[in-house]
Every structure is written in structure tokens, then in C-alpha cells.
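Input: a single structure, listed below in C-alpha cells.
Computed from heavy atoms alone, side chains included, the values below leave out hydrogens, waters and symmetry copies.
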Amino acid sequence: MAFFRGLTAVSRLRSRMAQEATTLGGVRWLQMQSASDLDLKSQLRELIPEQQDRLKKLKSEHGKVQLGNITVDMVLGGMRGIIGMLWETSLVDPEEGIRFRGLSIPECRKVLPTAVEGGEPLPEGLLWLLLTGKVPTKDQVDALSKELLARSTVPAHVYKVIDALPVTAHPMTQFTAGIMALQVESEFQKAYGNGLPKSKLWEPTYEDCLNLIARLPPVASYVYRRIFKDGKSIEADDSLDYAANLSHMLGFDDPRMLELMRLH
């Protein structure tokens, strides 16, 4: 009974949060942005304070609510059935499958901007949706594509770390080593070390996240071509979007492959 009372409490919290989000403007993915609001970070700077206040209010009013009991079976089963985190960006329904900010995959394919008419949605658009809760315009997605491209330069030491490994090393080992080598440029580490207030730490976190996302394609393609293409890497194409550039740098330029990469 305690478990079901916990589920009831969660349902009430979700309902309350949904109402508050609507009031605060949190659930605004049905509204299309104006083409002038092209900077993702500016959008977040506007949204994050109200979400911080919302969570403070939630903790203040419901912080002592019990959500259920934990059994040994739950722990041994990989936390199965344990409510362990509050998240809003996605939800996996056992019947409907995954939803991103309330939108199913078919719905995302209908409303998110595409590179070609009738094509697959651009992953930059999904990133915008996940971070802001809003469906972006094509101009916003194009601006984000350019920003990611501008951030995509990988420091030379990263490739040296990868090259220090045998070519026969597993691709994920080489890829992970490259990602870890990127950490030395962490903006979060610098800001945290300098005592930036907790409420402001989202800004260096944002910088690290976008830098990492931007640099994943060149690192991944470098590893792939090091193993399978005699190390002959391919430069990024400034005219391409994020997913298409990954495909291009891997060595696959067929338009159908570009669309497949955008879908994935």
C-alpha cells in the first residue's frame, strides 16, 4: 500500500508541476519562436531562473512527501521501480514509447525543422527542444548548427592521446580516451574552482555541454578513419549541418546516408 501511495503522490506532483509549468510558461513547445531569438543560451538565461524558483517551491511545499518503500529486490534489480530522479526532458511510456518534452517520435518528425523538405528532423532541433521545451524555427536550428560548427575544433593533444593507443584498440576505447582528453578545457572546472555561485553554474555547464557535443563528430570520425581508412581523415564541410557533417567526415556523402544520420 505504501508503494501505491507513493505512486499517487508522484502523480499529484506531476499534475501540480504541469499546471505550474503552464502558468510559468514552462510548457511552451506549442509556440513557435520568432526568428530574431536565435541564441540558445539567451533563451536558457531567460528560462532557467523561473525553473530554479519552481523547483525551490516544489521542495519547500512537498520536500517531505514519501514516494514509496525500497526493497532489497528493487536494489538488486538495478533500482527497478525506485523513484530516484525528477526529469522532464523525456519520458518512456510502456505503451506509447519515448516522448521528448511531451512529443512522441512521430510528432517530433512532423514539427521539428528539417534539412530538406519532407526529410528527417535535424538533431539540433531536438537539442533545442530538450533544453528549452520549445519547438525551434528553422532559423534557430541553422544558427545552432553554425554555433556547433564554430565550437568543433578539437585541440591537438586529443588526437595525440588517441594516437598513443594501438590502432587495434577497441573503437570505443579510443573514442572514450579522446573525450576524456577534452576535459582539460572544461569551463565548469574553472568556474567551480573560482567559486562561482551554484545558481550560475549552469552557464559553464552549458559551455562544456555544447563544446562536447560539437567535438564528438570530429573525434568519432577520426577514430573510425584511423582504424578502417588508414588514418586518412576528412575535414568538416562548413555548409553541412551537424549530423550530415558526421556522415561526411566518416566518408559517406550519399544524400540518403545524410538523412539516415539525421534520423539516428
V219 versus G178, closest heavy-atom pair with distance: CG1-CA, 4.4 Å
Nearest atoms (heavy-atom pairs only) where Q174 meets I227: NE2-CD1, 3.4 Å
In one Ile/Leu/Val/Met/Phe/Trp/Tyr side-chain cluster, 4.5 Å: L250, L122: no
Co-membership, hydrophobic cluster, residues L144 and M261, 4.5 Å side-chain: yes
Salt bridge D93-R99, side-chain N to carboxylate O under 4.0 Å: no
Closest approach of S152 to A214 (non-hydrogen atoms, all atoms of both residues): CB-O, 3.4 Å
Partners passing ring-ring contact (aromatic ring centres under 6.0 Å, His included) against F228 (at least two apart in sequence or in another chain): Y224
Nearest heavy-atom neighbours spanning R101 and L131: NH2-O, 3.6 Å
NZ/NE/NH1/NH2 to OD/OE distance under 4.0 Å, R262 and E259: yes
Residue list, ring-ring contact (aromatic ring centres under 6.0 Å, His included) with F175, at least two apart or on another chain: none
ILVMFWY clustering at 4.5 Å (side-chain atoms), partners of L263: none
Short side-chain to backbone donor-acceptor contact, E120 and R109, under 3.5 Å: no
All ring-ring contact (aromatic ring centres under 6.0 Å, His included) counterparts of F100, not counting sequence neighbours: none
ILVMFWY network linking L240 to L148, side-chain heavy atoms under 4.5 angstrom: no
Atom pair OG/CG of S60 and D53 - distance to nearest 0.5 Å: 12.0 Å
Could you go through residues 160-169 and list every donor-acceptor pair under 3.5 Å that involves a side-chain atom there, pairing it with any protein atom two or more places apart or in another chain?
residue : atom : partner : partner atom : Å
D163    : OD1  : Y222    : OH           : 2.8
D163    : OD1  : R226    : NE           : 3.2
D163    : OD2  : Y222    : OH           : 2.9

L212 vs L182 side-chain heavy atoms within contact, under 4.5 Å: yes
T176 side-chain N/O to T173 backbone N/O, donor-acceptor pair under 3.5 Å: no
Partner set under salt bridge (charged side-chain N to carboxylate O under 4.0 Å, His left out) for D142, not counting sequence neighbours: K138
Exercise: identify the closest heavy-atom pair between V154 and P218: CG2-CG, 3.7 Å
Could you pull out every donor-acceptor pair under 3.5 Å between side chains of residues 71-85 and any protein atom, sequence neighbours left out?
residue : atom : partner : partner atom : Å
T71     : OG1  : M74     : N            : 3.3

side-chain hydrogen bond (donor to acceptor under 3.5 Å, both in side chains) involving Q52 - partner list, sequence neighbours excluded: none
4.5 Å side-chain heavy-atom contact, P136 and L112: yes
Any Q189 side-chain heavy atom under 4.5 Å of Q183 side chain: yes
Carboxylate-amine/guanidinium contact E187 K190, below 4.0 Å: yes
L40 side, atom CG; L127 side, atom CG - distance, nearest 0.5 Å: 6.5 Å
Check ion pair E185-R215 (N to O, under 4.0 angstrom): yes
Co-members of L258 in a cluster of I, L, V, M, F, W and Y side chains, linked at under 4.5 Å: none
Within-4.5 Å side-chain heavy-atom neighbours: L260 and D254: no
P171 to V223 - nearest heavy-atom pair and separation: O-CG1, 3.7 Å
Backbone of A243 reached by a side-chain donor or acceptor of H248 within 3.5 Å: no
All salt bridge (charged side-chain N to carboxylate O under 4.0 Å, His left out) counterparts of E207, not counting sequence neighbours: K41, R151
Minimum side-chain heavy-atom gap K134-Q43 below 4.5 Å: yes
Hydrophobic cluster of Y192, others only, ordered by chain and residue number, side-chain cut-off 4.5 Å: F188, L196, L201
V141 backbone acceptor or donor facing S145 side chain under 3.5 Å: yes
Residue pair T137 / W128, side-chain heavy-atom distance below 4.5 Å: no
Side-chain (N245) to main-chain (A236) donor-acceptor, under 3.5 angstrom: no
S247 side chain vs A244 backbone, donor-acceptor pair below 3.5 Å: no
Rounded distance (nearest 0.5 Å) linking atom CG of L58 with atom NZ of K56: 13.5 Å
Within residues 193-203 or reaching into it, pairs that qualify as side chain to side chain donor-acceptor pair (under 3.5 Å) - sequence neighbours excluded: R45-E203
Validation row: L129, T89 side chains within 4.5 angstrom (heavy atoms): no
